Amino acid sequence: MPRSAGLSERALMMSQPAPLLVVAGVLADSTGRVLIAKRPAHKHHGGCWEFPGGKLESGESVGDGLARELREELGIAVTTSARIGLVVEPRPQHELHLIVQRVLAWSGSPQALEHSDIAWCQPNELQRFHLAPADRRIAQWLCAPAQLAVTPGPESLSDSEWPARIDLALRRGAERVHFRGGAHSWAQHPDGLARLIAQVHAAGLTVALHDLPELAVSLYVDALHLSERCARQFESRADIGWPGLLGISVHADTDSDWIRRVQPDYLLLGQVHGTPSHPDRQGMGWARFAELAAAYCAPVYAIGGVGPADLQSAKTHGALGVASISAYFPT
Ligand SMILES: Nc1nc2c([nH]c(=O)n2[C@@H]2O[C@H](COP(=O)(O)OP(=O)(O)OP(=O)(O)O)[C@@H](O)[C@H]2O)c(=O)[nH]1
């Protein structure tokens, strides 16, 4: 077992035949373009585009395996990387466990030493390439919003104040607005909520609704987000009755096997630092956050005492981005 395999990988390994462990690296340039490589015709998925990487050798850590593969395939030296997520693909013999790492520091200039071609493209151009099936999930992650603005409860502002406060959140960089209940549920304000959702959609951005699966379906939101308590009422993802993007809020003590059973598309993990809104809870800090993020199968956002200024730290500690109430809806 590789030294740095996470908890979910270990649990999976114990319950079924050893998976095929593969590590792939996402390199980005200063304009945000990412590097993809075309598999030679004679290989499995020949002619498909993928993220460079390869099989981990026995006993090899994820970081060492990535550095070896990218030296062999691209001629570059990778020094630091952080987990983005794990794609599990059922295969007849062994499940593929594709560990996806964001390459944070490297030297050299990538060349196609083993692939038939390489290309740099913006994440939203990846869909134009014929990607290996598992890599379509990676492309979705790379196109996912990096800044999630979580609303206070509907009772905290009057109907006339909400539109301006949503505008302010968008000006502060929010890329998805998460409508989260407070003392009142958004289910008590369906018309006002529908207008605010339309406002966010008109700005070309997306919406998540917290803990209200039926309303999420009827209001055509982009994501359903569940608190851990709400998510635990369901045995499996199929029981939730929601066909779209699914997120769950988790904490330092949430067990990763349960997360794997529910199969969320992303997680909000917190809290990273202490916050005035939860004075009873201590922050876990970035080091623990990175450890947990690497153990989950889904990509993770950082929440709790973080905001847009922490985006880079979040990414270097294995997060897709940050989520916050106060940074986007200041009191
Ligand atoms: N490297 C890499 N492999 C991927 C990706 N997506 C994906 O499905 N795979 C699959 O993971 C497996 C690992 O493949 P590989 O052929 O690159 O491994 P390797 O470099 O160690 O190759 P080798 O067996 O020729 O030595 C293949 O079945 C490949 O199709 C990806 O983005 N990067």
Side-chain angles (χ1 to χ4, degrees), residues 1-6 8-9 12-13 16-29 32-78 81-104 106 108 110-144 263 265 294 297-299 318 320:
M1 182 186 302
R3 267 175 284 126
S4 64
S8 61
E9 283 122 64
L12 282 163
M13 283 177 217
Q16 50 200 25
L20 177 65
L21 283 181
V22 175
V23 62
V26 178
L27 277 89
D29 70 9
R33 294 182 311 168
V34 294
L35 184 74
I36 49 173
K38 193 173 186 181
R39 290 179 71 80
H42 66 273
K43 282 196 152 192
H44 184 233
H45 287 141
C48 287
W49 291 82
E50 66 174 11
F51 292 89
K55 299 180 196 92
L56 285 182
E57 291 177 354
S58 166
E60 191 176 42
S61 72
V62 170
D64 288 350
L66 183 68
R68 177 184 50 72
E69 286 288 348
L70 270 52
R71 188 171 58 244
E72 292 167 5
E73 294 186 352
L74 304 173
I76 64 168
V78 170
S81 68
R83 181 71 57 94
I84 300 183
L86 170 75
V87 184
V88 176
E89 182 182 275
R91 290 195 173 178
Q93 308 255 300
H94 302 273
E95 269 186 341
L96 168 70
H97 286 196
L98 182 61
I99 300 163
V100 186
Q101 297 283 115
R102 191 189 302 277
V103 179
L104 299 168
W106 83 89
Q111 305 153 62
L113 300 178
E114 295 186 355
H115 289 90
S116 55
D117 200 1
I118 56 173
W120 290 93
C121 69
Q122 290 294 337
N124 62 8
E125 295 168 338
L126 284 166
Q127 63 206 5
R128 292 198 212 144
F129 291 81
H130 183 209
L131 296 175
D135 294 62
R136 291 175 206 151
R137 177 72 67 83
I138 306 173
Q140 280 172 2
W141 294 344
L142 298 177
C143 292
Q263 293 182 1
D265 296 300
C297 45
L320 269 193

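Computed from a predicted structure; not experimentally measured. Ligands are counted one by one from 1 in listed order, and the atoms in each one are counted from 1 as well.
No more than 12 heavy atoms of other residues, nucleotides or ligands sit less than 6.0 Å from atom CZ of R137.
Taking CG of L56 as the reference point, atom CD of E69 lies at 8.0 Å (rounded to 0.5 Å). One distance of note links CG of L113 with CD of E72; it measures 10.0 Å at 0.5 Å rounding. Atoms CG and CZ, on L126 and R136 in that order, are 12.0 Å from each other to the nearest 0.5 Å. Expressed to the nearest 0.5 Å, how far CZ of R39 lies from NE2 of H115 amounts to 6.5 Å. Note that CG of L320 and CG of L142 are 8.0 Å apart. Values are rounded to the nearest 0.5 Å.
Remark: minimum distance from atom 32 (O) of ligand 1 to any protein heavy atom is reached at D135 OD2, 2.4 Å. Nearest to atom 30 (O) of ligand 1 among the protein's heavy atoms is H45 ND1, 3.0 Å. Distance from atom 12 (C) of ligand 1 to its nearest protein heavy atom, with residue and atom name: V22 CG2, 3.8 Å. Protein heavy atom at the shortest distance from atom 16 (O) of ligand 1 is R39 NH2, 3.0 Å. Ranking protein heavy atoms by distance to atom 25 (O) of ligand 1, first place goes to K43 NZ, 3.0 Å. For atom 2 (C) of ligand 1, the nearest non-hydrogen atom of the protein is E50 OE1, 3.1 Å. Nearest non-hydrogen protein atom to atom 8 (O) of ligand 1 is L96 CD2, 3.5 Å.
Under a 4.0 Å criterion applied to the non-hydrogen atoms of G54, ligand 1 contributes the atoms 1 (N), 17 (O), 18 (O), 19 (P), 20 (O), 21 (O). For ligand 1, the atoms lying closer than 4.0 Å to a non-hydrogen atom of F51 are 1 (N), 2 (C), 31 (C), 32 (O), 33 (N). Every atom of ligand 1 with a heavy atom of G53 under 4.0 Å away is listed here by number and element: 1 (N), 17 (O), 20 (O). Residue-ligand proximity, E73 to ligand 1, at heavy-atom distances under 4.0 Å covers atoms 20 (O).
The shortest distance between side-chain heavy atoms of F51 and V100 does not fall below 4.5 Å. Contact annotation: the side chain of I36 approaches that of F129 to within less than 4.5 Å [non-hydrogen atoms, C-beta and beyond]. V78 is not listed as a side-chain neighbour of L27, based on a closest heavy-atom distance of 4.5 Å or more.
Looking at ligand 1, you won't find any N or O of L98 less than 3.5 Å from one of its N or O atoms.
Of all the heavy atoms of K55, the ones lying under 4.0 Å from any atom of ligand 1 are found in both the backbone and the side chain. Under 4.0 Å from ligand 1, not a single heavy atom of I138 appears.
In this structure, E114 does not count as a contact residue of ligand 1, since none of its heavy atoms falls inside 4.0 Å of the ligand. Not a single heavy atom of E72 lies less than 4.0 angstrom from ligand 1.
Although no hydrogens or angles enter the test, the distance criterion places no donor-acceptor pair under 3.5 Å between the side chain of E50 and the main chain of D135.
Which of E89, R68, R91 comes nearest to atom 10 (C) of ligand 1 through a heavy atom is settled by distance: it is R91.
Side-chain contact, Q122 with R33: no donor N or O sits under 3.5 Å from an acceptor N or O.
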